[in-house]
Each structure stands twice: as structure tokens, then as C-alpha cells.
Amino acid sequence: MKLIDLHCDTLWKLTDPNEGGNLMENRCSVSIPHMKKAGTKAQFFACFTYLEDYKEAGGYEGCYNHVQEMIACMEEQTERYQDQIALAGSYREMQENEEKGKISAFLTVEEGGILNGEMERLNALYEKGVRLMTPLWNYENCIGYPNSKDAAVMNRGLKPFGIDVVRRMDEIGMIVDVSHASDGTFWDIMKYGKRPAVASHSNCRAVCDHPRNLTDEMIKCLADRGGVSGLNFYGAFLESGKQEGISPARQDSRIEAMAAHILHMLKAGGSEFPAIGTDFDGFDGDGVLEIPDVSRMELLWDALKKAGVTEGQLDKIWGKNAERVIREVL
């Protein structure tokens with residue numbers, strides 16, 4: 001089984017002075033040894049930047065500079081461990097890396113606000129190797145509106161610049177990621193985008209009623225367009241209610257709940273729809289992580305097999321569905 005994980009925030013951790021480490025040895029959920037044990041074919045590494053950290057340091061300008069630092073970090077890491085991992089910017093490069101026994105690292109940007117209204121920045125990010133962008137995080141930005149419990153925000157969609165961004169991403173061959181988008185933004189991306197889009201790390205709203213998750217209508221639309229959704233391991237997006245006796249501040253990430261979302265994705269979107277998007281290193285908390293790092297992914301495989309998911313379906317979930325989108329867009 002070959003794993004493709006559409007989202008992790010490990011670069012964010014590696015460039016944090018309080019975290020440190022490198023791709024070979026770190027305190028993160030993703031490392032080269034962990035990925036090798038998991039049989040990882042490709043890992044999508046998000047350049048995530050938190051606007052709150054830069055309110056006194058240039059706002060989105062500071063965020064854009066931070067993304068450059070994360071890109072440089074990945075370039076340095078793939079150079080240092082070039083015999084084991086390599087950057088990939090296309091389906092062909094991913095296949096070539098596999099033939100050489102190397103894991104492929106795809107660069108992504110999580111928070112399109114860093115464009116700050118400048119299309120040239122999107123082109124520059126592409127030239128730097130970025131091949132997927134999540135236009136929104138949890139704030140309104142120059143592109144559009146994010147997921148929200150406020151219905152007025154949730155119904156708003158892409159701004160004029162955002163429409164241009166989606167169209168340009170299609171033109172240059174960059175995957176559009178609908179995770180974190182408002183419902184209105186999701187539907188606008190479906191309207192203006194022409195290539196398959198993904199929800200790199202989103203679950204099912206029918207299973208866990210959270211605005212970050214996808215409705216069945218969204219799942220069907222993404223699937224019909226050839227897109228996929230990566231299962232997110234964050235407990236808050238897996239289960240709506242709290243287990244009896246559990247602190248409200250604690251949110252467990254349980255394999256049983258992960259399996260429930262995959263089964264629903266299969267039901268609502270078909271076998272070509274589910275993928276993996278762990279969100280490893282992108283969430284914290286004192287809850288139990290039944291899969292603490294990528295090296296333990298076989299636990300989910302075994303649970304899904306016991307739940308009746310076939311080996312053929314598992315191969316698609318693990319990597320083939322995501323690989324199809326990579327082949328079609330990149």
C-alpha cells in the first residue's frame with residue numbers, strides 16, 4: 001500500500017524556534033523514518049501561516065515572508081536528505097522519485113490571504129514549487145470568506161480577485177483546495193473552477209456537524225468533478241459530541257470515528273472520492289490520538305478492512321484517488 005497524505009503542518013513546526021528538529025529527527029507526527037514505515041509515496045507539506053502572529057509585524061506581508069521561510073526550509077531539507085526525499089512539482093516527477101526509492105514532497109500554501117491582492121505572488125509561488133493552495137483559512141481575506149458558524153459569513157463566496165485566482169490556478173496547474181472555505185466560497189469555486197478540486201483535509205458534516213466539514217451535496221459535487229477529500233484526523237472534525245466524563249476542552253481522535261467518515265464518504269461520493277489528509281502537526285490538545293503519527297497508519301487500514309472496505313477501495317483511499325487528481329492537474 002502506497003500512502004499519499006494531502007495535508008500536514010510539519011513545516012510550520014520545523015520553522016518554529018520552540019520546536020526545531022528536521023525531517024529525519026523531530027517531535028512531530030511526520031518524519032522521514034515515520035513516512036518510510038508508512039510506505040509513503042507522497043506527502044503534501046503545507047506552508048501555513050497564522051495571521052494573529054503577524055498583526056504587529058506586517059499582517060499578510062509578514063505571513064508571506066514566513067511562507068518563503070518554510071519553502072526555503074523544505075528546499076534545505078530535501079537537499080540534506082536527497083537520497084530519501086525529493087520535491088515534486090508534477091505527476092511525472094512523483095513517479096520518477098518513486099522509481100529512485102524517494103518519497104515525494106509537494107509544497108502547498110494554506111491561507112491564500114498572503115497574496116494580498118497581488119496575482120504576481122501566485123505566479124511566484126508556483127515558480128517556487130507550490131502546487132496546491134488553500135485559498136482560505138479561518139479569516140476573510142482578499143480571495144473570499146471562510147467557514148463560520150455565522151450564517152451570514154457562511155453564505156458569502158469568492159470576491160472578484162478570488163474568482164481570478166481560481167481561474168489562474170487552473171491555468172498554471174495548481175490544485176484548488178476547498179478546505180476551510182465557506183459554503184458560498186465552495187460553490188463559487190465549483191462554478192468558476194474547471195479542473196478537479198480537492199478538500200485536502202475535510203470530513204463529513206452528516207457525521208460531525210461542523211462548518212469545516214462537507215455536506216453530502218458538496219461531496220457529490222466534488223466527486224462528480226473528479227475531486228477528492230482527505231480524511232482529517234482532528235477530533236473536533238471527527239465527532240460532534242463529547243464522550244461521557246471527558247472534559248469539554250479535550251477532543252479525542254479515535255479510529256472508530258475516522259472509519260465512520262470514510263464509510264460515509266464512500267456512500268455519498270463513491271469509491272473514487274475518499275483520500276487521506278491527516279492534518280498531522282496542525283492541531284494540539286490533551287485528547288487521545290489513537291494514530292499519533294504517520295508510522296501507525298496501518299491501524300486505520302485494519303479498522304477499515306474490518307468495517308467491510310475492500311482492498312481495492314483501500315488502495316484508492318490510501319493513494320490512488322489522490323494520485324488521479326495529481327495526474328489530471330499537475
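Please read all numbers here as calculations on a predicted model, not as lab measurements.
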> What do the steps show when you test Phe106 against Leu132 for side chain to side chain contact (heavy atoms under 4.5 Å, CB included), and what is the final call?
Replying inline: CA-CA 8 Å; Phe106 283 94; Leu132 176 150; over 6 Å; no
>> side chain to side chain contact (heavy atoms under 4.5 Å, CB included), that's the test. Do Asn22 and Tyr81 meet it? Break it down for me.
In response: CA-CA 10 Å; Asn22 53 57; Tyr81 305 114; 3.2 Å; yes
> Step by step, would you call Leu23 with Phe45 a side chain to side chain contact (heavy atoms under 4.5 Å, CB included)?
Replying inline: CA-CA 11 Å; Leu23 277 180; Phe45 288 90; 4.0 Å; yes
>> Go through it in stages, so that I can follow the logic: the residues are Met218 and Val178, the test is side chain to side chain contact (heavy atoms under 4.5 Å, CB included), and I'd like the CA-CA distance, side-chain angles, deciding distance and then a yes or no.
In response: CA-CA 10 Å; Met218 292 173 175; Val178 301; over 6 Å; no
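Here the closest heavy-atom approach between residue Arg324 and residue Gly227 is recorded as NH2-O, 3.7 Å. Ala88 approaches Asn97 most closely through the heavy-atom pair CB-ND2, 3.8 Å. Residues Leu330 and Gly173 approach most closely at CD2-O, 3.1 Å, considering heavy atoms. Heavy atoms only, all atoms of each residue included: Pro196 and Gly226 are closest at CB-O, 3.7 Å. Contact between Pro211 and Ser148 at its shortest, heavy atoms only, is CB-O, 3.7 Å. Closest approach of Gly117 and Cys142 over heavy atoms only: N-SG, 3.5 Å.
For residues 191-218, every residue pair satisfying the salt bridge (Lys or Arg N to Asp or Glu O under 4.0 Å) rule, not counting sequence neighbours, is listed here: Asp183-Arg205. Applying the side-chain hydrogen bond (donor to acceptor under 3.5 Å, both in side chains) rule to pairs touching residues 220-232 yields Lys220-Asp224, Asn232-Asp279, sequence neighbours excluded. Applying the salt bridge (Lys or Arg N to Asp or Glu O under 4.0 Å) definition to pairs two or more places apart or across chains, those involving residues 309-319 are Glu272-Lys316, Lys305-Glu311. The list of side-chain hydrogen bond (donor to acceptor under 3.5 Å, both in side chains) pairs with a residue in residues 161-176, not counting sequence neighbours, reads Asn123-Arg168, Arg168-Glu171.
By the criterion of side-chain heavy atoms lying less than 4.5 angstrom apart, applied directly or through intervening Ile, Leu, Val, Met, Phe, Trp or Tyr residues, Ile317 is grouped together with Met1 in one hydrophobic cluster. No chain of hydrophobic side-chain contacts below 4.5 Å, direct or via other Ile, Leu, Val, Met, Phe, Trp or Tyr residues, connects Met265 to Leu6. Cluster annotation: Tyr145 and Leu115 are assigned to distinct hydrophobic clusters (Ile/Leu/Val/Met/Phe/Trp/Tyr, side-chain heavy-atom contacts under 4.5 Å, transitive). Under a hydrophobic clustering in which Ile, Leu, Val, Met, Phe, Trp and Tyr are joined whenever their side-chain heavy atoms come within less than 4.5 Å, directly or via other members, Trp187 and Ile219 fall into the same cluster. Taken together through direct or relayed side-chain contacts under 4.5 Å among Ile, Leu, Val, Met, Phe, Trp and Tyr, Phe280 and Ile255 form part of one hydrophobic cluster.
Put simply, the side chain of Lys128 does not reach to within 4.5 Å of the side chain of Val67, judged on heavy atoms. For the pair Ile71 and Cys47, the minimum side-chain heavy-atom distance is below 4.5 Å. For the pair Ile85 and Gln77, the minimum side-chain heavy-atom distance is 4.5 Å or more. Contact annotation: the side chain of Cys208 approaches that of His261 to within less than 4.5 Å [non-hydrogen atoms, C-beta and beyond]. For the pair Thr185 and Pro146, the minimum side-chain heavy-atom distance is 4.5 Å or more. No side-chain heavy atom of Ser104 sits less than 4.5 Å from a side-chain heavy atom of Lys41. Ser29 is not listed as a side-chain neighbour of Thr10, based on a closest heavy-atom distance of 4.5 Å or more. Side-chain contact between Asp5 and Thr40 is absent, with no heavy-atom pair separated by less than 4.5 Å.
Residues satisfying the salt bridge (charged side-chain N to carboxylate O under 4.0 Å, His left out) criterion with Arg92, sequence neighbours excluded, are Glu96. Residues passing the salt bridge (charged side-chain N to carboxylate O under 4.0 Å, His left out) test with Glu75, sequence neighbours excluded: none. Under the salt bridge (charged side-chain N to carboxylate O under 4.0 Å, His left out) criterion, Lys55 pairs with Glu52, not counting sequence neighbours. Thr108 pairs by the side-chain hydrogen bond (donor to acceptor under 3.5 Å, both in side chains) definition with nothing, not counting sequence neighbours. Among residues two or more places apart in sequence or in another chain, the salt bridge (charged side-chain N to carboxylate O under 4.0 Å, His left out) test is passed with Glu256 by Arg254. Taking the ring pair (Phe, Tyr, Trp, His ring centres under 6.0 Å) definition, one finds that Phe273 meets it with nothing, sequence neighbours left out.
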List the atom pairs, with distances to 0.1 Å, where a side-chain N or O of residues 291-299 and a protein N or O form a donor-acceptor pair under 3.5 Å, not counting sequence neighbours.
| residue | atom | partner | partner atom | Å |
| --- | --- | --- | --- | --- |
| Asp293 | OD1 | Ser295 | N | 2.8 |
| Asp293 | OD1 | Ser295 | OG | 2.3 |

Could you list the donor-acceptor pairs under 3.5 angstrom formed by side chains in residues 152-162, with sequence neighbours left out?
| residue | atom | partner | partner atom | Å |
| --- | --- | --- | --- | --- |
| Asn155 | ND2 | Ala151 | O | 3.1 |
| Lys159 | NZ | Glu140 | OE2 | 2.7 |
| Lys159 | NZ | Asn141 | O | 2.9 |

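Counting only distance, with no hydrogens or angles, the side chain of Asn321 and the backbone of Ala275 share no donor-acceptor pair below 3.5 Å. In this structure, His7 contributes its side chain and Ala46 its backbone to no donor-acceptor pair below 3.5 Å. A donor-acceptor contact shorter than 3.5 Å links the side chain of Asn213 to the backbone of Asn203. Listed for the Arg327 side chain is no donor-acceptor partner under 3.5 Å among the backbone atoms of Tyr91. The closest donor-acceptor contact from the side chain of Ser200 to the backbone of Asp177 lies at 3.5 Å or more, if one exists at all. Using modelled atom types, no side-chain atom of Gln313 and backbone atom of Val309 make a donor-acceptor pair closer than 3.5 Å. Using modelled atom types, one side-chain atom of Tyr126 and one backbone atom of Ile172 make a donor-acceptor pair closer than 3.5 Å.
Note that the NE2 atom of His201 and the CG atom of Leu231 stand 12.0 Å from one another [nearest 0.5 Å]. Taking CG from Leu51 and CG from Asn138, the interatomic distance works out to 11.0 Å, rounded to the nearest 0.5 Å. For the atom pair CG (Leu136) and CD1 (Ile143), the distance works out to 7.0 Å, reported to the nearest 0.5 Å. Atoms CG and OG, from Leu238 and Ser253 in turn, are 5.0 Å apart once rounded to the nearest 0.5 Å.
If you check the side chains of His34 and Gln43, you find no donor sitting under 3.5 Å from an acceptor. No side-chain N or O of Glu19 forms a donor-acceptor pair with one of Asn26 less than 3.5 Å apart. Defined by atom type and a distance below 3.5 Å, a donor-acceptor pair is present between the side-chain atoms of Glu111 and Tyr60.
In this structure, the ring of Tyr50 has its center less than 6.0 angstrom from the ring center of Trp137.
The residues Lys2 and Glu323 are annotated as not salt-bridged, no charged nitrogen and carboxylate oxygen being separated by less than 4.0 angstrom.
Remark: Glu25 CD is loosely packed, at most 12 non-hydrogen atoms of other residues, nucleotides or ligands lying under 6.0 Å away.
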